[in-house]
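Reminder, nothing fancy here: chain letters follow the sequence lines and each chain counts from 1.
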2 protein chains.
Amino acid sequence: MPHTPAAVSNRRGSYASGRARRDEIVQAAIVEFSEVGYYGASLRQIAARAGITHPGLLHHFPTKDALLAAVLAHRDAVDLEAMAEDKAQGRSYLEALVRLVERNGKRRAIVELYAALSGEATSPRHPAHAFFAGHYELSVRMAREAFDKLRDDGRLRQGVDPAWAARAVVALMDGLQIQWLQSLESDTGAPVDMARDLRAFLESLTLD
Amino acid sequence: MPHTPAAVSNRRGSYASGRARRDEIVQAAIVEFSEVGYYGASLRQIAARAGITHPGLLHHFPTKDALLAAVLAHRDAVDLEAMAEDKAQGRSYLEALVRLVERNGKRRAIVELYAALSGEATSPRHPAHAFFAGHYELSVRMAREAFDKLRDDGRLRQGVDPAWAARAVVALMDGLQIQWLQSLESDTGAPVDMARDLRAFLESLTLD
DNA sequence: GTCTATATACCGATAGAC
DNA sequence: GTCTATCGGTATATAGAC
């Protein structure tokens, strides 16, 4: 049996397998991008977090752009899988949204990643611009369909426009993330409870 | 009468006065920071936008940090002046907020500046972190006082918590800015109307 | 798969002439 | 007040040894 890459040793004790090493790098990149954004991050710092040198990193991801794309794809996969699980268990899209926000309340780096990148990426020249354009388009459309269904079921409060509610719920989630992150740094009172505030908004729109 | 700096000529035709030149640099910095954030911006690029070299810029603002501070102070001054004007004319804080959002709908660079910097600045090491911490603290407190007054006047819908409404209105403004900026790049339908969506939220909370 | 060494470019900031 | 020239540092990316 020929030796595999995973069996080769180096000063870290042993090589991680290709897949595991890529995951380590992606995790390190999430932390770094979340703290200083895409432009502020350096491949050397990310590589150091992952325990390798920056040419070592570039063996797995040929450019900084490619690494960012891998980070975003990874996050999409994780969240979409969880949402699909919720859907399989019969939960509505809006219920799944609240659960997503609850989970995010325990994963600061992920929230910081989205806050830092979504702000940077409003500029069309940012390498994540297309990703976030698609992300918002999808999020608002899914929320819109959920509110349409609520209205058809007669459970939407009178006078509430589903299209408005969809934009508002997505906007509220984004804005609450920023306030939550700020509240973690501040020493004034309890941190913002994103899921509770989101739930309060949804309840203010529905009849039950 | 001794000559003033404003009277000296250079290849641009004439020197701007100290004050005017500082304003030109601040305007250039707003554009650059808004497009690539603080970390992504370079003093050379900002200086080029303002029509000078980067050591010329550093004569007016000794460090990149100092330039950022000047940009934020300038924005604060402009917005607070407009809010004070509204207050002097008898408008409520929430009405002034809607008018602020209406004005922002015609000043894309300003909105992009806040979106890019507020995302970056959630990290405590960012040079604008303290500014945004204070900004959010103040915004939420002012909104809270406005909703408290509405409740005392019996004009707040039953069951609406003023503290929640304050966090939500600030969050909604932030989130709508990101969606508005994204909608300007997209070719699908009309752009998001931030002021209209904000007004709809406020109306959903009040009785009149 | 990871390393050292290096190429090339840009960064923020300073020195000193005009 | 603005310039040219430059310093020391870091960036992304590549070459080539192991």
Side-chain angles (χ1 to χ4, degrees), chain A residues 2-26 28-29 32-33 35-71 120 125-127, chain B residues 2-26 28-29 32-33 35-71 120 125-127:
Chain A
H3 85 272
T4 65
V8 181
S9 72
N10 69 356
R11 68 177 183 188
R12 296 175 77 249
S14 66
Y15 285 159
S17 77
R19 171 70 198 181
R21 174 51 51 87
R22 282 176 59 97
D23 282 350
E24 287 176 5
I25 295 170
V26 165
E32 195 65 12
F33 286 148
E35 289 184 359
V36 291
Y38 176 76
Y39 295 122
S42 85
L43 297 182
R44 280 178 172 80
Q45 185 64 33
I46 295 169
R49 274 190 201 276
I52 58 174
T53 62
H54 91 273
L57 184 156
L58 288 167
H59 170 78
H60 298 276
F61 302 96
T63 66
K64 193 181 180 180
D65 256 45
L67 176 56
L68 175 63
V71 165
E120 277 185 330
R125 75 166 92 161
H126 192 284
Chain B
H3 85 271
T4 66
V8 181
S9 71
N10 70 354
R11 69 177 184 189
R12 298 176 78 250
S14 67
Y15 285 159
S17 77
R19 171 70 197 180
R21 173 49 52 86
R22 281 177 60 97
D23 282 350
E24 288 176 3
I25 295 170
V26 165
E32 195 65 12
F33 286 147
E35 290 185 359
V36 291
Y38 177 76
Y39 296 123
S42 86
L43 296 181
R44 281 174 174 81
Q45 184 62 34
I46 295 169
R49 275 190 201 276
I52 59 175
T53 61
H54 92 272
L57 183 156
L58 287 168
H59 170 78
H60 297 277
F61 303 96
T63 66
K64 191 182 182 183
D65 256 43
L67 176 57
L68 175 63
V71 164
E120 277 185 330
R125 76 167 93 160
H126 192 283

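Residue B:His59 has a polar side-chain atom (N or O) positioned under 4.0 Å from OP1 or OP2 of D:dG1. The side chain of B:Thr53 places an N or O atom within less than 4.0 Å of a non-bridging phosphate oxygen (OP1 or OP2) of D:dC3. Listed pair B:Arg21 / D:dT2 meets the phosphate criterion, a side-chain N or O lying under 4.0 Å from OP1 or OP2.
Counting only heavy atoms from C-beta on, B:His60 has its side chain closest to D:dG1 among C:dC3, C:dG1, D:dG1.
By the salt bridge (Lys or Arg N to Asp or Glu O under 4.0 Å) test, A:Asp65 is found to be paired with no residue, residues two or more places apart in sequence or in another chain being considered. In this view, A:Glu120 satisfies the salt bridge (Lys or Arg N to Asp or Glu O under 4.0 Å) rule with no residue, not counting sequence neighbours.
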Where along nucleotides 11-18 of chain C does protein come under 4.0 Å, by heavy atom, of base (B) or sugar-phosphate alone (S), with - for untouched nucleotides?
BBBB----
Show the numbers, then the answer: is there a side-chain contact (heavy atoms from CB on, under 4.5 Å) between A:Val36 and B:Arg125?
CA-CA 9 Å; A:Val36 291; B:Arg125 76 167 93 160; 3.7 Å; yes
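Within the 4.5 Å cutoff, the side chain of A:Ile52 has heavy atoms near those of the A:Arg21 side chain. With a 4.5 Å cut-off on side-chain heavy atoms, A:Leu68 and A:Phe61 do not count as touching.
Ring orientation note: the planes of A:His126 and A:Tyr39 are nearly perpendicular, at an angle over 60° on the 30°/60° scale.
Regarding A:Arg22, its CZ atom lies at a distance of 12 Å from the P atom of C:dT2, rounded to whole Å. One can place CD of B:Glu24 at 13 Å from P of D:dG1, the figure rounded to the nearest angstrom.
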